[in-house]
Amino acid sequence: MSQAELEIEVSGQRIPVQKGQTFAEALQQADEKIKKQAKKALAVKLNGKEYDLNVPVPESGHVELLQFDSDEGKKVFWHSSAHVLAQALKRLYPDIKFDDGPPLLQGPGHFFYDVYTDHKITEEDFPKIEEEIQKIVRENYTITRREIPKEEAIKKFKNEGERFKVAILENLPNDAVISLYRQGEFEDLCRGPHVPSTGRLGVFKLTAVSGAYWKGDPANPMLQRIYGVSFPDKKMLKEYLFRIEEAKKRDHRKLGKELDLFSFHPEGPGFPFYHEKGSILFNTLANFIRNECEKRGYKEIRTPMILSEQLWIQSGHYQNFKENMYFTEVEDKEFAIKPMNCPGANLVYKSAPRSYRDLPLRLAELGLVHRHELSGVLHGLFRVRAFTQDDAHIYCTPDDLQKEIRSAIEFTIDVYNKFGFKDTIIYVATRPEKSLGSDEIWEKATSALTQALSDLNLEYKIKEGEGAFYGPKIEFNISDSLGRQWQCGTIQVDFSMPERFELEYIGSDGAKHRPVMVHRAILGSLERFMGILLEHYAGKLPLWLSPVQVRVLSISENQHDYANKITEDLKKAGFRAEADNRNEKIGYKIRDWNAKKINYALILGEKEKQENTVTVRSRGEKESYTVSLREFIDKLHSELAQ
RNA sequence: GCUGCCUUAGCUCAAUCGGUAGAGCAACUGACUUGUAAUCAGUAGGUUGGGGGUUCGACUCCCCUGGGCAGCUCCA
């Protein structure tokens, strides 16, 4: 046996490797424990770089086994799954051309493949495709990698008529390593890594098919995108499907209908109609945030919904945001319906001379803005055409900027905690193409944001070119029950608007200075936030938010008077209560009370009426207990105080 | 906006090959007077989203259009 030339280390164990030996072969020399782990490995990471198990070990170093339990392992598993999907599609539709098939960590599937074929793939084709996929898994092809020069790869794919692959290749640098992966008769351009064989992939299910623009550009032709999920075993697929079902149950659009909160109508697509109970929820949220703002020195203002087009030219909205704006004309004058609140706030700022002693001036506004959104993006309360922002504009001196950003961040996180949103993802969005001001100003504004985040030890990711046209932003994203991320809060530093509006304050030196402006919203849109809350709580709102907190159920007609009196007493005590005096049995009323997700039921029969008590049943509990109304009200108060 | 799918009573859904629209729940009326997840009986409810076409005949097939759903793109 020849001398080992390389050495890898796995979980503290050193393994000698002969030249040309693959990772899989090398791992066979490890002890039983590691061999067992290696069997489950999908790929490996050597010195931080991912490799296939089936390639020769290129160098010595530390090896990590990638399994399905990590995000990296999942990505390998799902990426290979996408290839199997492609192979199946090629068998069924020989004319098919492939674009790209990446893994996903969130979205409507674990992976997709974008394809072009004359055959319109519909969900009816899924069983057939899935069958072919499982066949490929059973056939257990070894997946092998080979590397070829770019020119050769382009030639190969040109010959095969794979024009999308050719386009991908042409975009790569000339010295790029071009790797191809083969499994049976199918070979695909891919960076890898991949699982060692198709048999390693377990159960598949195709989840969706839709159009997707080539390279994401609406000007390009549309490809067909086929989404799927895959798991190592059936049980995990079942759990996944169960979770999807659960998520559907808490869809806020469904809950909004069931709980009679809001509705949408063809007469106003994207414009929510709040019913009585939805209004209560909306107003409760609005008052909550008002209160929190007041505690922190904000002053509330209200500005008009329709303002002269001239103002929007001055602010730059007309030039940068026009496609999203609604316009109207009166007496030959052009007006725009406000898509943002900042220009209005600026006029309020300018309504009086400002001194440095007035700063920071924090002007809050629950502003109803209208934005024309493309019809295809509308989505319940998550995406509407008219929404109320818990907006505020903070005018401060450059010296106070850091402090103001920090306290806005802290304010935001405090509010999310109140609702139990823990894992907020923070982004910093930088200068977009369509924007105002110099690079220098953008640099200054962006670093003000990142500095504040760093000072508070908060992690963030960069979203290149996703800022507002007037300034960079911090975005706070929270996730809904399907794992989708929604932007709620935002903090934006703006040096441009003060310039364009010639905002000034008199400094301690008696001279005129320009304030900096911070735009910020915490809930973002009350509409969206309400939708997220409904899904977050699955409609079971905490007491303080519930449109109906208590429902009073009479056992029979004899207690109607008593039930009405108790209901009135609760209302007088400041609670939202309603009586159910319908001519129905108590079982029916309990069932309906439960379905409406009301926090408490008071059950009133002859016994309670005689003893002047109430029998309390809490949401989600089967047991009830009997107390005086006084005691019940005390309990409600203490719950609200929490 | 684009691609695909969907659109039937207030809600959730049926209706064979194109043969003339039906159920449950809700509503209303009556009986029952009820003790912790659906009492019984009855009544009413529809130009099948809208418009046009094919046909002896259209919920069903075709065209235009509104709205919704999923995805793409965009976004709080």
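Chain letters run A, B, ... following the sequence lines, proteins first, then strands; residues in each count from 1.
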Practice prompt. Classify the nucleic acid contact of A:Ile586 as base, sugar-phosphate or nothing, counting any heavy atom under 4.0 Å across all strands shown.
Written response: sugar-phosphate

Item to complete: For A:Ser375, answer base if it contacts any base atom (sugar-phosphate contacts may also be present), sugar-phosphate if it contacts only those atoms, and nothing otherwise; contact means non-hydrogen atoms under 4.0 Å.
Response: base

Between [X] and [N], does any side-chain N or O lie under 4.0 Å from OP1 or OP2?
{"X": "A:Arg582", "N": "B:U34", "result": "no"}
{"X": "A:Tyr588", "N": "B:A26", "result": "yes"}
{"X": "A:Arg528", "N": "B:C75", "result": "no"}
{"X": "A:Lys585", "N": "B:A37", "result": "no"}

Fill in: Of A:Lys257 and A:Phe264, the one whose closest RNA chain B nucleotide lies more 5'
A:Lys257

Whom does [N] pair with, Watson-Crick or G-U wobble, provided both distances fall under 3.5 Å?
{"N": "B:C2", "value": "B:G71"}
{"N": "B:G18", "value": "none"}
{"N": "B:A41", "value": "B:U29"}
{"N": "B:A76", "value": "none"}

Worksheet item: Going by the angle between their ring planes, with limits at 30° and 60°, are A:His379 and A:His252 parallel, tilted or perpendicular?
Response: tilted

Worksheet entry | Stacked cation flag A:Arg582 on A:Tyr588, 6.0 angstrom / 45 deg | no

Worksheet item: Going by atom types alone, do A:Gln610 and A:Tyr562 pair a side-chain donor with an acceptor below 3.5 Å?
Response: no

If you measure from the [atom1] atom in [N] to the same atom in [M], how many Å do you get, rounded?
{"N": "B:C69", "M": "B:G49", "atom1": "C1'", "value": "16 Å"}
{"N": "B:G1", "M": "B:U73", "atom1": "C1'", "value": "9 Å"}
{"N": "B:U39", "M": "B:U65", "atom1": "C1'", "value": "48 Å"}
{"N": "B:C63", "M": "B:G10", "atom1": "P", "value": "29 Å"}
{"N": "B:A21", "M": "B:A14", "atom1": "C1'", "value": "10 Å"}
{"N": "B:A70", "M": "B:G35", "atom1": "C1'", "value": "47 Å"}

Taking atom types as they are modelled, is there a donor-acceptor pair under 3.5 Å from the base of [N] to the side chain of [X]?
{"X": "A:Tyr213", "N": "B:G71", "answer": "no"}
{"X": "A:Glu267", "N": "B:G67", "answer": "no"}
{"X": "A:Arg383", "N": "B:C74", "answer": "yes"}

Practice prompt. Test A:Glu365 against every option in A:Arg302, A:Lys338, A:Arg290, A:Arg520 by the salt bridge (charged side-chain N to carboxylate O under 4.0 Å, His left out) rule and name the one that passes.
Written response: A:Lys338

Measuring from the side chain of [X] (C-beta onward, heavy atoms only), which nucleotide among [options] has the closest atom?
{"X": "A:Arg617", "options": "B:G1, B:A37, B:U33", "value": "B:A37"}
{"X": "A:Val377", "options": "B:U73, B:A70, B:A76", "value": "B:U73"}
{"X": "A:Arg371", "options": "B:G67, B:U36, B:A76", "value": "B:A76"}
{"X": "A:His379", "options": "B:A38, B:A70, B:A76", "value": "B:A70"}
{"X": "A:Arg591", "options": "B:G71, B:A38, B:A76", "value": "B:A38"}

Discussion item. Please find the pair of heavy atoms, one from A:His275 and one from A:Ser263, that lie closest to each other, and give the distance.
Written reply: CE1-OG, 2.7 Å

